[in-house]
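Would you mind keeping the following structure in view while I ask a few things?
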Amino acid sequence: MRTPLCDLTGVRHPVVQTGMGWVAGPSLVSATARAGGLGVLASATMTLPQLADAVREVKERTDNPFGVNLRADASDAEERVDLLIREQVRVASFALAPSQRLIGKLKDAGIVVIPSIGARRHAEKVAAWGADAVLVQGGEGGGHTGAVATTLLLPQVVDAVDIPVIAAGGFFDGRGLAAALCYGAAGVAMGTRFLLTSDSRVPREVQQSYLDASVSDTVVTSRVDGMPHRMLRTGLTEAAESRSLLRRLPDALRQAVAFKSMTGMSWRQLVTDGLAMRRSQKLPLSRVLLAANTPMLIKSALVDGRPDAGVLPAGQVVGMIDELPSCEELIARIVTEAASTLSGLSST
């Protein structure tokens with residue numbers, strides 16, 4: 001099943017594993033790449049040296065193409081781009097739109113640039129700046145998300161730009177891939193579905209919390225980090241919903257300090273990144289302080305195995321998943337089912 005996404009990135013199958021912080025490390029990314037999909041390293045929770053080590057580890061595990069997700073507003077974004085260029089990483093993805101200059105620098109080095117967007121106008125902007133493709137996430141998706149459903153956002157973007165469009169938000173099987181292709185997408189991207197594989201680094205007891213969840217067990221809240229964030233309902237989310245902003249700020253500051261200590265970031269770098277986030281997302285200072293604690297809250301749940309003390313980002317598809325296949329099994333099954341579904345449509 002070859003699409004423009006395959007031609008652009010060099011992967012065998014039009015399936016992308018998204019760059020989930022603390023989850024998308026070398027083991028998951030290389031497993032996805034070996035299975036023929038596009039694995040994407042999550043760099044936002046890595047220091048620059050850690051990212052360099054992770055990139056080299058993936059390259060040791062597989063010769064297949066993979067990507068790295070970058071924060072365009074990070075104070076060391078330029079250094080990370082230089083790292084990708086030196087290591088000849090195939091794809092650079094961005095959660096926020098990179099500048100036109102940064103896109104040009106990556107493209108001049110032969111790196112495919114794929115920003116994630118949540119609105120048609122954003123897709124039009126980055127396409128005009130030279131982005132090679134866009135990833136469109138609808139409101140069903142996990143983590144930071146918008147309010148427009150994939151079934152409405154996807155056709156808007158497909159009609160608006162002439163570059164490959166990757167659909168995200170609500171996908172977990174071959175029928176979804178077939179539907180996305182029928183809409184005009186060049187492939188699908190999935191986070192929750194790859195988090196729930198046997199190749200995922202998430203502790204099994206935490207994965208079980210996801211497997212036990214229903215479609216209605218996710219909630220979109222801005223009370224945790226100041227931005228709309230889809231996650232599983234936990235004791236922490238319930239507490240956040242009931243507590244005032246003033247009562248939440250001291251905890252946010254403690255978590256931010258812990259993240260600084262763990263990453264070795266300087267106070268100057270932490271403040272610079274916060275101010276960049278404030279400008280790019282037009283957030284008040286109080287919301288920036290809340291956002292600073294998000295990495296540690298996610299780490300508490302997904303790495304340390306303490307769901308009630310942290311955040312469990314999850315798409316609504318969590319209620320449709322009940323097993324943990326390997327990445328190879330998952331991608332093979334999705335592609336086979338998509339081909340069968342499309343074949344069935346053409347024969348009716």
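None of these values were measured; they are calculated from a predicted model.
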Report whether Leu312 and Met190 are members of the same hydrophobic cluster (ILVMFWY, side-chain heavy atoms less than 4.5 Å apart, transitive linking).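 Yes; Met190 is reachable from Leu312 via cluster members.
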
Among residues at least two apart in sequence or on other chains, which ones pass side-chain hydrogen bond (donor to acceptor under 3.5 Å, both in side chains) with Glu323?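 Partners of Glu323 under the side-chain hydrogen bond (donor to acceptor under 3.5 Å, both in side chains) test: Arg193, Arg333.
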
What's the separation between atom CZ in Arg306 and atom CD in Glu205, rounded to the nearest 0.5 Å?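 The CD atom of Glu205 is 12.5 Å from CZ of Arg306, to the nearest 0.5 Å.
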
Group every Ile, Leu, Val, Met, Phe, Trp and Tyr by side-chain heavy-atom contacts under 4.5 Å, then state whether Val161 and Leu8 land in the same group.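 Val161 and Leu8: separate clusters.
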
Is a side-chain N or O of Asp199 found less than 3.5 angstrom from the main chain of Ala31, in a donor-acceptor match?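 Not confirmed, Asp199 side chain does not pair with Ala31 backbone.
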
With sequence neighbours excluded, what pairs up with His144 under the ring-ring contact (aromatic ring centres under 6.0 Å, His included) test?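 By the ring-ring contact (aromatic ring centres under 6.0 Å, His included) rule, His144 matches His229.
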
Of all pairs that satisfy side-chain hydrogen bond (donor to acceptor under 3.5 Å, both in side chains), the ones with a partner from residues 152-174, not counting sequence neighbours: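 Sorted result for residues 152-174: Asp173-Arg175.
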
What about Leu48 and Val55, same hydrophobic cluster or not, with Ile/Leu/Val/Met/Phe/Trp/Tyr joined at side-chain heavy-atom distances under 4.5 Å?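 Yes, Leu48 connects to Val55 through the hydrophobic network.
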
Single-linkage hydrophobic cluster Val311~Met20, side-chain heavy atoms < 4.5 angstrom: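 The answer is yes; both residues are in one hydrophobic cluster.
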
Any donor-acceptor pair under 3.5 Å from Ser343 side chain to Ala339 backbone: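 No, Ser343 side chain to Ala339 backbone: no donor-acceptor pair under 3.5 Å.
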
Tell me whether Asp108 contacts the main-chain N or O of Lys105 through its side chain, where contact means a donor paired with an acceptor under 3.5 Å.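 Absent.
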
Heavy-atom side-chain proximity of Cys327 to Phe194 below 4.5 angstrom: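 Cys327 reaches Phe194 side chain to side chain.
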
Should Glu79 and Leu83 be marked as a side chain to side chain contact (heavy atoms under 4.5 Å, CB included) after you check the CA-CA gap, both sets of side-chain angles, and the distance that decides it? CA-CA 6 Å; Glu79 296 171 82; Leu83 170 63; over 6 Å; no

Of all pairs that satisfy side-chain hydrogen bond (donor to acceptor under 3.5 Å, both in side chains), the ones with a partner from residues 132-141, not counting sequence neighbours: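 Of all non-adjacent pairs touching residues 132-141, those that pass side-chain hydrogen bond (donor to acceptor under 3.5 Å, both in side chains) are Lys107-Asp132, Gln137-Thr145, Glu140-Thr150.
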
How close do Val158 and Ala185 get, counting heavy atoms only, and between which atoms?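 So the two residues come closest at CG2-N, 4.2 Å.
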
Counting only heavy atoms from other residues, nucleotides and ligands, does the tally under 6.0 Å from CZ of Arg121 exceed 12?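 Not more than 12 within 6.0 Å, no.
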
Mark yes or no for whether Ser43, through its side chain, and Asn69, through its backbone, hold a donor-acceptor pair below 3.5 Å.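 Answer holds: yes.
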
Report yes or no: do Leu152 and Ile117 belong to one cluster of Ile/Leu/Val/Met/Phe/Trp/Tyr joined by side chain heavy-atom distances under 4.5 Å?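 Result: yes, single cluster for both.
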
So, do Val113 and Phe94 sit near enough that their side-chain heavy atoms are less than 4.5 Å apart?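 In contact.
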
Check: Lys59 side chain, Glu87 main-chain N or O, donor-acceptor pair, under 3.5 Å: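 Yes; judged by distance alone, with no hydrogens or angles, the pair exists.
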
Start with the C-alpha gap between Val91 and Ile114, add the side-chain angles, then the distance that decides, and say whether side chain to side chain contact (heavy atoms under 4.5 Å, CB included) holds. CA-CA 7 Å; Val91 175; Ile114 307 179; 3.8 Å; yes

Would you call Ile166 and Leu38 a side-chain contact if the rule is heavy atoms closer than 4.5 Å?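 No, too far: nothing below the 4.5 Å cut-off.
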
With distance as the sole test, does Trp22 use its side chain to make a donor-acceptor pair with the main-chain N or O of Pro295 at under 3.5 Å?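 Yes, the answer is positive, given that a donor and an acceptor are paired below the 3.5 Å cut-off.
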
Is it true that a side-chain atom of Glu328 and a backbone atom of Ala35 form a donor plus acceptor pair closer than 3.5 Å?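 It does not hold such a pair.
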
If you apply the rule side chain to side chain contact (heavy atoms under 4.5 Å, CB included), what do you find for Glu57 with Ser27, and how did you get there? CA-CA 9 Å; Glu57 184 176 344; Ser27 58; 5.8 Å; no

Residue pair Pro228 / Val220: nearest heavy atoms and the distance that separates them: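 That would be CB-CG1, 4.0 Å.
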
Val23 side chain near Ser200 side chain, heavy-atom distance below 4.5 Å: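 SC-SC contact between Val23 and Ser200 confirmed.
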
Reported CZ-to-CD distance for the pair Arg201 and Gln207, which is rounded to 0.5 angstrom: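 Atom-to-atom, Arg201:CZ and Gln207:CD are 12.0 Å apart.
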
Measuring only between side-chain heavy atoms, which start at C-beta, is Ile321 closer than 4.5 Å to Tyr210?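 Not in contact.
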
List the atom of Leu324, the atom of Thr197, and the distance in Å for their closest heavy-atom pair.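 Where Leu324 meets Thr197 most closely, the heavy atoms are CD2-N, 4.0 Å.
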
Of Thr218, Thr221, Thr192, which is the lone residue that meets side-chain hydrogen bond (donor to acceptor under 3.5 Å, both in side chains) with Arg230?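 Passing option: Thr218.
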
In Å and rounded to the nearest 0.5 Å, what is the CG to OG distance from Leu41 to Ser93?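 Rounded to the nearest 0.5 Å, the CG-OG separation comes to 9.5 Å.
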
Heavy-atom pair with the smallest gap, counting every atom of Ala180 and Val188: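 Heavy atoms of Ala180 and Val188 come nearest at CB-CG1, 3.5 Å.
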
Drop me the distance from Leu297's CG to Thr234's OG1, to the nearest 0.5 angstrom.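 OG1 of Thr234 is found 9.5 Å from CG of Leu297.
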
With heavy-atom distances below 4.5 Å as the criterion, would you say the side chains of Leu302 and Pro313 are in contact?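 Yes; the side chains approach each other to less than 4.5 Å.
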
Nearest 0.5 Å please: distance from the CE atom of Met46 over to the CG atom of Asp53.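 Reported to 0.5 Å precision, the distance equals 9.5 Å.
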
Before accepting this row, confirm whether a basic side-chain N of the pair Glu60/Arg56 lies closer than 4.0 Å to the acidic partner's carboxylate O.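 No.
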
Does a side-chain heavy-atom distance below 4.5 Å link Leu342 with Met1?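 Yes; the side chains approach each other to less than 4.5 Å.
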
Using the side chain to side chain contact (heavy atoms under 4.5 Å, CB included) criterion, which residues pair with Ser198? Sequence neighbours excluded.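 If we apply the side chain to side chain contact (heavy atoms under 4.5 Å, CB included) test to Ser198, skipping adjacent residues, the hits are Arg204, Ser326.
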
Which residues pass the side chain to side chain contact (heavy atoms under 4.5 Å, CB included) test with Pro65, sequence neighbours left out?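 Pro65: side chain to side chain contact (heavy atoms under 4.5 Å, CB included) contacts with Val11, Arg90.
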
Verify, without hydrogens or angle tests, whether Ser340 (side chain) and Thr336 (backbone) share a donor-acceptor contact under 3.5 angstrom.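 It does not hold such a pair.
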
Between Lys299 and Asp304, does the side chain to side chain contact (heavy atoms under 4.5 Å, CB included) criterion hold? Intermediate values first, please. CA-CA 6 Å; Lys299 178 180 181 292; Asp304 301 337; 3.1 Å; yes

What are the two closest non-hydrogen atoms of Pro14 and Leu177, and how far apart are they?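 Heavy atoms of Pro14 and Leu177 come nearest at O-CD1, 4.0 Å.
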
Measuring from Leu102:CG to Glu78:CD, what's the distance to the nearest 0.5 Å?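 It comes to 6.0 Å.
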
When you compare the side chain of Pro115 with that of Pro98, does any pair of heavy atoms fall below 4.5 Å?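 Contact flag for Pro98/Pro115 side chains = yes.
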
List the atom of Val68, the atom of Leu51, and the distance in Å for their closest heavy-atom pair.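 Looking at all heavy atoms of both residues, the shortest contact is CG1-CD1, 3.9 Å.
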
